[in-house]
Each structure stands twice: as structure tokens, then as C-alpha cells.
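This report refers to the structure that appears directly beneath it.
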Amino acid sequence: MIVTRFAPSPTGYLHVGGARTALFNWLLARKSGGKFLLRIEDTDMKRNAATAADQVLKDLKWLGIDWDEGPDIGGPNGPYHQSERRDIYDKYIQQLIDEQKAYYCFDTSEELTTLREKAEAEKRHNLYPRPAVFPTEADAEKARAEGRPVTVRFAVPRAETIVIEDEVRGQVRIEPSELSDFIIQKSDGFPTYHMAVVIDDELMGVTHVIRGQEHLMNTPNHQLLQKALGFRTPKYAHMSVTVSDSGGKLSKRERPKALVAAIKAMPDVDVQALATAGGISAEELELFLSGKSVPDMPVIDAIAKAVGVHLPEVNVVDFFKSGYLPETMVNFLAILGWNPGDGREIMTIEELIAAFDLSRVSKSNSLFDRSKLMSFNTEHIKMVPPETLVSHLRDYLEEICSPVAGADDAMLKRIIKMNDGARTLEQIEQKTRFAFIANDAMTYDDKAVKKVLLKGNGLEMLELVGKELAALPELTPESIETLLRGLAEEKQVGLGKVAQPLRVAICGNTVSPPIFDAVDMLGLDNTLKRIERTLNEFQQITD
RNA sequence: GGUCCCAUCGUCUAGUCGGGCCUAGGACACCGGGUUUUCAACCCGGCAACAGGGGUUCGAAUCCCCUUGGGACUACCA
């Protein structure tokens with residue numbers, strides 16, 4: 001049976017690169033009827049954030065990726081937090097030391113830095129100088145007593161060429177003479193990633209490791225460790241990196257970077273106001289702007305909102321908040337560096353599972369193309385079953401605290417129907433919120449007012465429309481249509497001349513659902529009030 | 001610098017393993033036109049690529065070599 005896993009370190013929100021790795025592992029497991037496990041790699045005590053692991057689970061669930069064993073549901077091979085597996089790792093580390101396959105080291109980090117700099121200056125590979133005779137347990141005790149850091153290094157066997165049989169890259173050969181003795185246990189007693197991953201994958205029965213290309217050069221170390229411990233070597237597949245359209249690897253740093261750039265491009269910046277918006281002090285904001293520190297994501301989001309800039313999405317939640325569907329994300333991430341081979345691109349999750357195949361994973365890096373993502377989202381909004389879309393829209397509206405969240409399911413269904421052809425849930429929300437805010441809370445878009453109301457006889461037309469609407473015996477989308485069309489014909493103008501002033505009067509801008517629906521949704525009373533308010537507000541300007 | 005990986009339209013890619021079916025196909029973006037009460041959506045059309053140089057071969061996008069370009073790694077991070 002195929003067993004795959006996703007093993008994030010809980011350092012923050014799940015970003016799209018991680019989501020893609022998780023997805024490929026998940027697809028392979030689901031396709032083959034195997035198992036997919038989740039493991040939290042929290043051996044770095046300095047970097048762990050308590051809530052971050054929960055957020056990653058939440059993001060995976062939103063995407064529809066589920067797991068058969070994991071930290072929240074347990075399983076036969078737990079615990080699934082590496083921090084809770086110390087005794088297991090200790091046992092194997094001791095075994096390697098006893099067998100003279102690993103040895104104690106007592107270097108300080110300063111000494112290691114010196115070693116590294118020396119190698120760099122001499123333009124050679126930084127190989128750790130292995131002692132001829134390994135220190136004993138007594139030596140380690142003594143070092144500990146003296147307060148020196150004690151680590152354990154793996155003595156890399158310098159024998160035959162290491163061959164990685166990679167499912168996507170084919171055979172990759174590495175000479176062991178290039179490999180330095182690497183640390184398997186840190187001075188705080190925790191294993192390093194290399195040690196923990198090898199032990200856990202063995203004990204958890206993992207058969208296929210799909211991970212990012214950045215791990216390719218770690219694989220010889222892992223294979224050597226497996227051999228030394230008498231473990232199996234799972235099948236490996238190293239996926240290409242996803243690069244950003246702003247250049248370089250798609251990384252979490254992109255959002256803060258974009259925000260700093262946007263703020264610096266502003267002519268005058270009220271630092272205090274922005275700091276308040278983000279909930280931090282002006283000093284903290286200054287540090288951020290000068291590149292000396294990076295605040296947490298909620299702070300970044302809040303400031304971006306205050307500034308009014310759209311930051312590039314990189315975390316899974318960012319896409320949620322921008323109105324993308326999980327179905328879109330899964331489809332797009334799957335198609336990034338993989339294809340079913342028959343020309344299909346827009347696919348449901350079920351279709352992806354059925355078609356997935358490691359042999360069709362691409363070797364070259366791919367760029368995260370946001371406009372293609374947008375197009376995928378448009379397609380999925382059309383494809384998804386209506387009930388699913390209603391539930392996605394509700395989740396979205398609640399997440400962004402939209403006034404539209406007050407609508408019931410029937411209303412949401414109607415909103416969706418009116419917004420046929422929308423590209424994102426965000427667009428739907430923006431086009432619909434006019435009907436869910438108080439009449440006097442509505443704001444007018446300057447350009448729209450100038451173009452539609454102040455130029456030509458827009459206000460005159462609006463006044464006329466208002467009078468006719470007030471006299472309408474029954475308000476339905478049909479009756480409004482009849483009225484407006486009749487009016488346009490009577491005045492010998494296009495429907496736009498009649499509809500646009502009305503649109504600006506009730507929505508404040510030129511973007512709205514079809515005007516007949518918009519009026520019907522707002523109701524006659526509110527429509528007339530907004531027309532009156534608009535006339536009052538702008539009539540004197542034209543005089 | 002060293003080790004390793006990669007290289008087809010602007011972008012994602014099909015075709016590469018098992019050379020001829022490739023005057024290189026699709027999708028997104030872009031441009032032009034149509035439809036239209038706004039924004040979208042939708043329909044029709046168009047632009048556009050085998051990184052360069054050597055080989056091998058009757059024949060190369062496909063096999064080999066070199067160059068160039070891009071990327072990953074080079075931590076007591078994972």
C-alpha cells in the first residue's frame with residue numbers, strides 16, 4: 001500500500017508551495033487507495049508558534065485535503081508531533097553512537113562559523129574535520145559539565161557513489177566525498193530534521209516522499225542514514241519550485257515587501273495613522289519600513305487595508321480572503337507542474353485524483369500565473385454545484401465581515417444568479433454590498449458621478465426615472481425593465497442613458513448587478529430615497 | 001566558488017524516454033471584431049516558441065557534446 005505524508009513545520013500559515021506539496025502527496029495516496037498522513041515537524045523550538053500548526057490544519061481542510069493519521073485524529077504510528085517523539089529519536093541516535101557510526105562534537109557556533117568562513121575563503125567545500133578517534137561518553141559528560149555545547153554528527157561513509165532513484169528526475173548521482181558529516185542531534189537534545197525525518201518515515205511506513213526540489217541535496221544524507229539504521233529507502237519524487245511573477249521563489253516575504261514598496265511610493269505617509277491601523281506602535285512601523293523587522297500577517301493585512309493596496313496572495317488564507325474557491329486552488333496547484341496528458345486543464349477534485357500520475361510531473365520550475373488562476377476561478381464558479389457555491393460564498397462573507405453576510409441562503413442564491421460570470425467571490429461581494437448598507441452610508445465614486453450625473457443630462461434623467469418609479473404599481477425586475485426601456489424609447493436614447501444615472505444613484509458607482517435586479521433587491525422605498533439623496537447632493541453643483 | 005537540477009509561444013504546458021505523423025497542438029494573457037443597461041461573462045478572429053553552437057543520422061524540438069541562461073543546496077532551519 002502506498003503511504004504518503006505531509007510534514008510541515010509550524011512556522012505560520014500554509015503557503016501555496018506547501019499546499020502544492022501536500023496536494024501531490026494527497027493525490028497519490030487517494031488515487032492508489034493508500035494512506036496520507038500529517039506530521040508536524042516542530043523540532044526547532046525557536047521557531048514554533050503555538051497556533052501555527054492549527055492554522056495549517058485549517059488551511060488544508062479548507063482545500064479539502066484530509067488525512068488518515070495526524071496530530072488531531074491520532075493513529076497507530078503516533079505521536080504526530082516530532083517534539084513528542086524525543087525518546088524514539090534518542091534511542092536511534094544512541095544506536096549510531098554505539099556502533100561508531102556517529103560521534104559527539106563540542107564546537108561552539110562561533111567555531112563552526114570560523115570553519116565555514118575559512119572553507120569559503122579557500123574556495124572549497126566545507127567538510128567537517130572528522131576526528132580520528134571519536135570522543136567517548138565520558139568526554140561528552142565532561143563537555144556538558146564545562147558548559148560546552150554537545151552535538152552528535154553522523155560519520156558519512158565515504159564509499160560508493162550514492163544514487164537517488166527519483167520518480168520525477170530519474171537517477172541522480174552524488175559522490176559521498178562531497179558530503180560533510182552532518183549534525184543529527186542538536187545541543188538542545190532535539191534531533192535535526194535529517195534524523196527525525198528518516199526515523200519517522202520508517203516508523204510511519206511512508207513509502208513515497210514527494211517534496212520540494214530544495215530537498216534533493218538532502219536525500220543522499222537521508223539514504224545514508226537509512227542504510228546505517230537498517231531502514232528501507234522510500235521512493236522519492238522531488239518537485240520543481242514554484243516561482244513568483246515578481247521574480248524569485250514564491251515566498252511569504254512577498255507580502256510585507258509589496259506593502260513596504262506601496263507605502264514608500266505614497267507621496268505623504270501618516271506613519272502614526274498606519275501604525276494605529278495595524279495595531280502597532282509608530283516605532284515598530286518605522287522598523288518595518290526600514291527593513292529591520294517584519295510584523296505578523298494580521299498586522300500586514302490591516303495596514304494594507306488602510307493603505308488600500310492589494311497585496312499578492314501567497315498563503316492559502318490569502319486566496320480565501322481574495323475570493324478564490326478551494327476547488328480552484330486545488331485544480332490550479334495540481335496543474336502547476338503536472339498535467340493529465342490529454343489536454344484537460346479545468347478539472348474537479350475527483351477527476352484530478354483519477355488522473356494523477358507521478359510520471360507526468362514536470363522537472364522545470366513553473367511560474368505562479370495569477371491571471372490564469374483568475375480564469376480558473378471563473379470556470380469553477382460556473383462549475384461548482386449551486387449549494388456548494390452558496391456555502392463558499394457564506395464562508396467568504398463571514399471571513400471578511402461583509403454586510404452581505406446577513407443575507408439568508410435564498411438571497412445568496414439570488415445574488416449568485418445575478419452575478420453570473422463573476423470571476424471571484426470578492427467581485428460578487430463588491431457588486432452586492434450596496435444593497436446591504438444604510439442609505440446614507442453609501443459613498444459615491446467621484447469618476448462615476450462626474451461621468452454619469454454631472455456631464456450631460458444625467459440628473460434630469462434621474463429625476464424623471466425617480467418620478468416614474470414612484471408611480472409604479474408593482475415592483476418586479478420585469479416591471480422595472482419595462483419602465484426603463486419605455487423611457488429610453490420615449491426619449492430616443494439608449495438604455496444606458498437611463499440606467500447609468502440610476503445605477504450611480506443607488507450603488508454609488510458604475511459597477512452593479514443588472515440594474516433591474518439591483519433596484520428590485522434594494523426595494524422601491526430605498527431606491528427612491530437614494531435617488532432623492534443623489535439629486536440633493538449634486539443638483540446644486542450643476543446650477 | 002563548489003555540488004546537483006532544469007531549458008518549447010509573454011505565462012502554464014503537449015510533443016522528448018522508444019528520432020519522421022510537428023508547415024510545433026492546447027490553455028491563460030494580449031490585440032482586433034461581435035454581443036451588451038455597467039462590470040464581468042460569452043462568441044469569432046489574430047499575434048506568438050523548439051536558448052545558441054557543434055555533432056550523430058537519409059531525417060533532430062526529440063539522441064550526444066559544448067556554451068549561455070535560470071534554479072536548488074552549500075545551518076545546531078526544516
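Lettering follows sequence order; numbering is per chain, from 1.
- Taking atom C1' in both A7(B) and C66(B), one finds a spacing of 15 Å when rounded to whole Å.
- Where Glu379(A) and Leu373(A) each meet RNA chain B at their nearest nucleotide, the meeting point lying more 5' is that of Leu373(A).
- The gap from the C1' atom of C39(B) to that of U23(B) amounts to 42 Å, rounded to the nearest Å.
- Residues of residues 413-423 of chain A that place a heavy atom closer than 4.0 Å to RNA chain B, in numerical order, are Asp420(A), Gly421(A), Arg423(A).
- Side chain of Asp520(A) to main chain of Ile480(A): no donor-acceptor pair is present (N/O by atom type, distance under 3.5 Å, no hydrogens or angles).
- Between U68(B) and A78(B), the two P atoms lie 37 Å apart (nearest whole Å).
- Comparing G15(B) with U8(B), their C1' atoms sit 9 Å apart, to the nearest whole Å.
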Report summary line: Reading nucleotides 44-49 of chain B from 5' to 3' and marking B where a protein heavy atom lies under 4.0 Å of the base, S where only the sugar-phosphate is that close, and - otherwise, the string is ------
Please produce a list of atom pairs where a protein N or O lies less than 3.5 Å from an N or O of nucleotides 75-78 of chain B.
| unit_1 | atom_1 | unit_2 | atom_2 | d |
| --- | --- | --- | --- | --- |
| C76(B) | O2 | Ser187(A) | N | 2.6 |
| C76(B) | O2 | Ser187(A) | OG | 2.8 |
| C76(B) | N3 | Ser187(A) | OG | 3.0 |
| C76(B) | N4 | Asp107(A) | O | 2.7 |
| C77(B) | OP2 | Lys186(A) | NZ | 3.0 |
| C77(B) | O2' | Asp44(A) | OD2 | 3.2 |
| C77(B) | O2' | Arg47(A) | NE | 3.4 |
| C77(B) | O2' | Arg47(A) | NH2 | 3.1 |
| A78(B) | OP1 | Thr43(A) | OG1 | 2.9 |
| A78(B) | OP1 | Lys186(A) | NZ | 2.4 |
| A78(B) | OP2 | Tyr193(A) | N | 3.3 |
| A78(B) | O3' | Glu41(A) | OE1 | 2.6 |
| A78(B) | N6 | Asn218(A) | OD1 | 3.4 |
| A78(B) | N1 | Asn218(A) | OD1 | 3.4 |

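- Across residues 426-436 of chain A, Gln427(A), Lys431(A) each have a non-hydrogen atom less than 4.0 Å from an atom of RNA chain B (numbered order).
- Other residues, nucleotides and ligands place more than 12 heavy atoms under 6.0 Å from the CD atom of Glu111(A).
- Side-chain contact between Gln82(A) and Arg39(A) is present, with at least one heavy-atom pair separated by less than 4.5 Å.
- Counted within 6.0 Å of CD on Glu460(A), heavy atoms from surrounding residues, nucleotides or ligands total 12 or fewer; the atom is thus considered open.
- Atom P of A14(B) sits at a distance of 15 Å from the matching atom of G25(B), rounded to the whole Å.
- No side-chain heavy atom of Ile183(A) sits less than 4.5 Å from a side-chain heavy atom of Cys105(A).
- Although no hydrogens or angles enter the test, the distance criterion places a donor-acceptor pair under 3.5 Å between the side chain of Arg130(A) and the main chain of Val156(A).
- The P atoms of U3(B) and C17(B) are separated by 29 Å, rounded to the nearest whole Å.
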Query raised in the report: Which letters describe nucleotides 3-18 of chain B, given B = protein heavy atom under 4.0 Å from base, S = only from sugar-phosphate, - = neither?
Result: SSSSS---BBSSS---
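- Between U11(B) and A49(B), the distance separating the two P atoms is 12 Å to the nearest Å.
- In the region residues 508-521 of chain A, proximity to RNA chain B at under 4.0 angstrom, judged on heavy atoms, holds for Thr510(A), Val511(A), Ser512(A), Pro513(A), Pro514(A), Ile515(A), Phe516(A).
- Using atom P as the reference point in both G46(B) and A24(B), the two lie 14 Å apart (nearest Å).
- Using N1 to N3 plus N6-O4 or O6-N4 for Watson-Crick, or N1-O2 and O6-N3 for G-U wobble, each under 3.5 Å, G1(B) pairs with U74(B).
- Side chains of His380(A) and Tyr324(A) form no contact here, defined as non-hydrogen atoms less than 4.5 Å apart.
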